[in-house]
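Any value given below was found using the heavy atoms of this structure, including those in side chains, with hydrogens, waters and symmetry copies removed. Numbers restart at 1 for each chain; the letters A, B, ... are given by sequence-line order, proteins then strands.
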Amino acid sequence: MDKILVTSALIYANGPVHIGHVAGAYLPADIFVRFHRLLGSDIIFVSGTDEHGAPVSIKAEKEGKTPRELVNFYHDQIDKSFAGLNISFDNFSGTARPYHHKISQKFFKALLDKDFVVQKSGQQFYCEHDQRFLADRYVEGVCPFCSADGARGDQCDSCGKLINSIELKEPKCKICGKTPIIKETSHWYLELPKFENMLKEWLTTKSYWKDNVINFIMGWLNDGLIERAITRDIDWGIPLPLPDTEGKVLYVWFDAPIGYISSTVEWADKIGEPEKWKDYWFDPDCKLIHFIGKDNIPFHAMIWPAVLMEQNDPYILPYDIPANEYLNIEGSKVSTSRNYAIWVDEYLKYFNGELLRYVLAANAPETRDADFTWQDFQVRINNELANILGNLANRVFTFSIKFFAGEITKPLSLSVATQTALSEAQAIITEIEACYRNYRVRKTTSLIMDIARIGNRYFDERAPWKAVKTDKSHASETLYLCLELLRMLSIVMSPILPVKMLQLRKMMNLDDEMSWKYIPRDKTVYYISNIETLFTKITDEQIDEQIQLLEKVQPETAPLVHKPEIEYDDFMKMELRIVKVLQAEKVKKSKKLLKLMVKIGSETREIVSGISLSYSPEDLIGKKVVMLINLKPRQIMGITSQGMILAAADKDNNLSLITPMQDIDDGSEVS
RNA sequence: GGCGGCAUAGCUCAGUUGGUUAGAGCAUCGGAAUCAUAAUCCGAGUGUCCGGGGUUCAAGUCCCUGUGCCGCUACCA
């Protein structure tokens, strides 16, 4: 018997769940787990919310809550969303709980004692007013690269560039708004280079992994690994288990995967067998399987195994990491910051969770990004679930009741047509089993529908509505086989539609106990009663409503971060002029840069501008734009840039050059 | 610029280690049937498998190259 420990990626507890999360990490895991429960495998399924880190603190402060209150709020909301989708975790924990703190500290200590974690000092912003070090995201200022406003300490949203936070210009503390100072601090680093060979060797045993996972990791390994800081200076996190380290916590990406363990420990406690978690985590025959989205590959396939390798306890390493791709919505990428997503709690206000399970299973992003459209949702529900499957059940049930009082017994012998239909179905079921094992949910779904199609075809060919008038046993046999198919379907499809399949079984007076091995066990008599519609159709109006909701989504207008007031003289220091673009060409070996020759009245100058993604050289030649003339020249890709062209950038970094409304001579000053 | 991925029917996608005439569902068209949620079933058509070259008896599949899109990464305002 297989022993399996399944995890779904911990979800960040600063917002709700969207269907992309579900399609990538939760539904495939749940289907896999439910299938293995049918097989009788010894399997448990854990996950939880990732609750630490600066984004939680910042959001909590904005909403006037404590981090714990915020995290609890979202934990509950997320929990409800998963319940609405019938995701059957054995335990769904959170990383702010004592279990997790204890274990994470132990992990850190083990690595520290073995010198895989080392302390190093460096410089960081410190706010004297708030008396604490400021994590990257707690500092905002002017980007040192693009001079955009509102860049965070770790990254500038405007140019997308990663920033070494102390290089941020005009830094401001995000809590009090005051200017922080630079102060010496120290952090602990995970020495990943020491793991390089071990990881490479380990990965060679993973030939059965999905290509996307292996390729991604080998790319990183071949580039060489670098040490990474695993501590931060904030107060919302797991304190370091060391003396004199007040204000230092473990960085989320270090502690998050440990959440799988602490969730298992919590589960063992809940069932009253506190040591039971070791049966999984310490058993070399237990298969540890992480379901994640592709953005999580480096952590799960590299850092996490490295951390596990050097523990004092005999932890198992991941057996498989079936990472899924992304789910787009109506052809566009999900963007949580722009609120372009289908949130599960919203979805559940309109439709049954089982319907989403079906559509996401049928269109799972297994090998590449998939596209979710509401129209496809409607077609799949109406055409496949309602018409093919639901209607098969309905026509068989109503017929049975109408002509046989709902009682159908097994015939003494089966005709050739019946045997053929049966063996076709059995062949498909064998295939389905293999697909479930290999996480091929998409294929599984279509195979299941094929069984229902066999039922419909067989029913039509046998025409029981005619036979019932002349040969009742012929009609009865037809119904019997269809009921058998429905019974098999109720088992085979239960990992995908657990609740609907129970509902189906109830109408057939079958009990809730299901097992894969029961599939071939035919019933001698069926009693049909209390039939109801399994799947109702979705109307065009309902779909239009959803599409409109999606289109209505307004970009969340983030609060503006203002710079300090300046004097008129400060402004007048800038020499802004209209210039005419004479020449423009792409800078070789660069993706974003254009080299421009511009005319400023009597002068011409050469400048480099990072606008290539929004403008091609032909767009620019002859155009008049605004330029900052007296910016200190700078060498960029071997070219001296003597100034800066002004352009506005939106959230997605689409650029728009500033041009004069009416034609005006180049060289004209702007003020 | 480097690394990786993707490109197949009107749409969404399958195509296993190269091997008959490249498939499914949806949509479209024609027909059958009337038990059923107007549901079902049968039949039909549709393809420069992104372009170009190569290896092979044989290429959607392997190699090279070009184009387009995506991701990571580098330079960068």
Asks: Could you state the CG-C1' distance from A/Leu596 to B/C76, rounded to the nearest angstrom?
Replies: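 The distance from CG of A/Leu596 to C1' of B/C76 comes to 14 Å, rounded to the nearest Å.
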Asks: When the C1' atoms of B/G71 and B/G31 are considered, how many whole Å apart are they?
Replies: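 Approximately 49 Å lies between the C1' atom of B/G71 and that of B/G31.
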Asks: List the atom pairs, with distances to 0.1 Å, where a side-chain N or O of residues 291-302 of chain A and a protein N or O form a donor-acceptor pair under 3.5 Å, not counting sequence neighbours.
Replies:
from, atom 1, to, atom 2, distance (Å)
A/Lys294, NZ, A/Glu325, OE1, 3.1
A/Lys294, NZ, A/Asp369, OD1, 3.0
A/His300, ND1, A/Asn296, O, 3.1
A/His300, NE2, A/Tyr260, OH, 2.6

Asks: Rounded off to whole Å, could you give me the CD-to-C1' distance for the A/Gln378 and B/A27 pair?
Replies: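 That distance rounds to 13 Å.
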Asks: I'd like the P distance from B/G30 over to B/G53, given in whole Å.
Replies: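 Their P atoms lie roughly 42 Å apart.
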Asks: Please write out each protein N/O paired with an N/O of nucleotides 40-47 of chain B under 3.5 Å, distance rounded to 0.1 Å.
Replies:
from, atom 1, to, atom 2, distance (Å)
B/U40, O2', A/Arg395, NH1, 3.2
B/U40, O2', A/Asp460, OD1, 3.3
B/U40, O2', A/Asp460, OD2, 3.1
B/U40, O2, A/Asp460, OD2, 2.9
B/C41, O4', A/Asp460, OD2, 2.6

Asks: Rounded off to whole Å, could you give me the CD1-to-P distance for the A/Ile214 and B/C3 pair?
Replies: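 Taking atom P of B/C3 as the reference, CD1 of A/Ile214 is at 20 Å.
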Asks: Strictly under 4.0 angstrom, non-hydrogen atoms only: write out the protein contact profile of nucleotides 7-13 of chain B, one letter per nucleotide from the 5' end, B, S or -.
Replies: SB----S
Asks: Applying a 3.5 angstrom cut-off to the pairing atoms, does RNA chain B sit in any stems of at least three consecutive Watson-Crick or G-U pairs? List them by first number.
Replies: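 Stems found: B:1-7 with B:67-73, B:10-13 with B:23-26, B:28-32 with B:40-44, B:50-54 with B:62-66.
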Asks: Answer yes or no: is there an ion pair linking A/Glu366 with A/Lys210, defined by an N-O contact shorter than 4.0 Å?
Replies: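 No, no charged N to carboxylate O under 4.0 Å.
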Asks: Grab the CE-P distance between A/Met507 and B/U37 for me, whole Å please.
Replies: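 After rounding, the reported distance stands at 13 Å.
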Asks: Classify the nucleic acid contact of A/Phe535 as base, sugar-phosphate or nothing, counting any heavy atom under 4.0 Å across all strands shown.
Replies: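 Base, at least one base heavy atom under 4.0 Å.
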Asks: Can you tell me how far P in B/U61 sits from the matching atom in B/U46, rounded to whole Å?
Replies: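 About 23 Å, rounded to a whole number of Å.
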Asks: Strictly below 4.0 Å, N to O, side chains only: are A/Glu424 and A/Arg457 in salt-bridge contact?
Replies: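 Between A/Arg457 and A/Glu424 there is a salt bridge, with a charged N closer than 4.0 Å to a carboxylate O.
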Asks: Round to a whole Å and report the spacing from CG of A/Asp295 to P of B/C72.
Replies: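 Value for this atom pair: 10 Å.
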Asks: Would you kindly give the CG-to-C1' distance between A/Leu447 and B/A24, to the nearest whole Å?
Replies: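 Atom CG in A/Leu447 sits about 11 Å away from atom C1' in B/A24.
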Asks: Side chains of A/Thr420 and A/Tyr458: is there a donor and an acceptor less than 3.5 Å apart?
Replies: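 No donor-acceptor contact under 3.5 Å links the two side chains.
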Asks: Taking the P atom in each of B/A9 and B/U56, what is the distance between them to the nearest angstrom?
Replies: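 Here B/A9 and B/U56 have their P atoms 30 Å from each other.
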Asks: Taking the inter-plane angle between the rings of A/Tyr251 and A/Trp253 on a 0 to 90° scale, is it parallel (under 30°), tilted (30 to 60°) or perpendicular (over 60°)?
Replies: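 Rings of A/Tyr251 and A/Trp253: perpendicular, over 60°.
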Asks: Which part of the nucleic acid, if any, lies within reach of A/Arg440 when heavy atoms closer than 4.0 Å are counted: base, sugar-phosphate only, or nothing?
Replies: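 The residue A/Arg440 makes sugar-phosphate contact but no base contact.
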Asks: When you match A/Asp450 and A/Lys469 each to their closest nucleotide on RNA chain B, which lands nearer the 5' end?
Replies: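 The residue mapped nearer the 5' terminus is A/Asp450.
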Asks: Sequence neighbours left out, what passes side-chain hydrogen bond (donor to acceptor under 3.5 Å, both in side chains) with A/Asn382? Give chain and number order.
Replies: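 Checked A/Asn382 against side-chain hydrogen bond (donor to acceptor under 3.5 Å, both in side chains); zero matches.
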Asks: Rounding to an integer number of Å, can you tell me how far A/Asn324 CG sits from B/C6 C1'?
Replies: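 Result: 16 Å.
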Asks: Given atom CD1 of A/Ile381 and atom P of B/G25, what is their separation to the nearest angstrom?
Replies: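 Going from CD1 in A/Ile381 over to P in B/G25 covers 19 Å.
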Asks: State whether the number of non-hydrogen atoms from other residues, nucleotides or ligands found under 6.0 Å of A/Gln419 atom CD is greater than 12.
Replies: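 Yes, because the 6.0 Å sphere around CD of A/Gln419 holds more than 12 heavy atoms from other groups.
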Asks: With sequence neighbours excluded, what pairs up with A/Arg380 under the salt bridge (Lys or Arg N to Asp or Glu O under 4.0 Å) test?
Replies: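 Expected list: A/Asp376, A/Glu384.
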Asks: What integer number of Å spans the P atoms of B/G18 and B/C63?
Replies: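 Comparing P positions in B/G18 and B/C63 gives a spacing of 11 Å.
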Asks: Can you check the distance between B/U65 and B/U21, where both ends of the measurement are the C1' atom (answer in whole Å)?
Replies: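 That atom pair is separated by 31 Å.
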Asks: Is the phosphate of B/A38 approached by A/Lys537 (side-chain N or O, under 4.0 Å from OP1 or OP2)?
Replies: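 So the side chain of A/Lys537 is outside the cut-off, no N or O lying under 4.0 Å from OP1 or OP2 of B/A38.
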Asks: So that I know where these two stand, are A/Tyr439 and A/Phe32 an aromatic pair - ring centroids less than 6.0 Å apart?
Replies: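 Yes, the ring of A/Tyr439 comes within the 6.0 Å limit of the ring of A/Phe32, centre to centre.
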Asks: By the 4.0 Å heavy-atom rule, please label A/Lys333 as base, sugar-phosphate, or nothing.
Replies: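 It contacts sugar-phosphate atoms only.
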Asks: Within the structure shown, what part of the strands sits under 4.0 Å from A/Lys294 by heavy-atom distance: base, sugar-phosphate, or nothing?
Replies: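 It contacts nothing in the nucleic acid.
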Asks: Using a 4.0 Å heavy-atom cut-off, does A/Phe459 contact any base of the nucleic acid, only the sugar-phosphate backbone, or nothing at all?
Replies: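 Base, at least one base atom sits under 4.0 Å.
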Asks: Could you give the distance separating B/C62 and B/U55 at their C1' atoms, to the nearest angstrom?
Replies: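 Pairwise C1' distance, B/U55 against B/C62, rounds to 8 Å.
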Asks: Can you check whether A/Lys443 has a side-chain N or O nearer than 4.0 Å to OP1 or OP2 of B/U16?
Replies: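 Checking A/Lys443 against B/U16: no side-chain N or O falls below 4.0 Å of OP1 or OP2.
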Asks: Check whether the aromatic ring of A/Phe399 stacks on the base of B/C35, taking stacking as ring centres less than 5.5 Å apart and planes within 30° of each other.
Replies: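 No, the aromatic ring of A/Phe399 does not stack with the base.
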Asks: With no hydrogens and no angle check, is any side-chain donor or acceptor of A/Gln378 less than 3.5 Å from a backbone partner on A/Ile538?
Replies: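 Checked: pair present.
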Asks: Say we look at B/C42 and B/A33: how far apart would their P atoms be, to the nearest angstrom?
Replies: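 The same atom, P, in both gives a distance of 15 Å.
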Asks: Would you classify A/Leu534 as touching base, sugar-phosphate or nothing, given that sugar-phosphate means primed atoms plus P, OP1 and OP2, and contacts are heavy atoms under 4.0 Å?
Replies: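 A/Leu534: base contact, heavy atoms under 4.0 Å.
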Asks: Using the rule given for ring-ring contact (aromatic ring centres under 6.0 Å, His included), can you reason through A/Trp202 versus A/Trp209, listing the C-alpha separation, both sets of side-chain angles and the distance that settles it, and then say yes or no?
Replies: CA-CA 12 Å; A/Trp202 176 64; A/Trp209 282 15; 5.6 Å; yes
Asks: When all nucleic acid strands are considered with a 4.0 Å heavy-atom cut-off, which category describes A/Thr398: base, sugar-phosphate, or nothing?
Replies: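 Sugar-phosphate contact only.
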Asks: Taking only N and O in the side chain of A/Lys402, is any of them less than 4.0 Å away from OP1 or OP2 of B/A36?
Replies: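 So the side-chain polar atoms of A/Lys402 do come within 4.0 Å of the phosphate oxygens OP1 or OP2 of B/A36, strictly under.
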Asks: Any salt bridge between A/Asp471 and A/Lys466, counting N to O under 4.0 Å?
Replies: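 Answer for the salt bridge query: no.
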Asks: Going by side-chain contact (heavy atoms from CB on, under 4.5 Å), A/Val626 matches just one of A/Ile645, A/Ile578, A/Thr659. Which one?
Replies: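 Output: one option passes, namely A/Ile578.
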Asks: Look at the rings of A/Tyr347 and A/Phe377 and say which category their plane angle falls in: under 30° parallel, 30 to 60° tilted, over 60° perpendicular.
Replies: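 Ring orientation of A/Tyr347 relative to A/Phe377: perpendicular.
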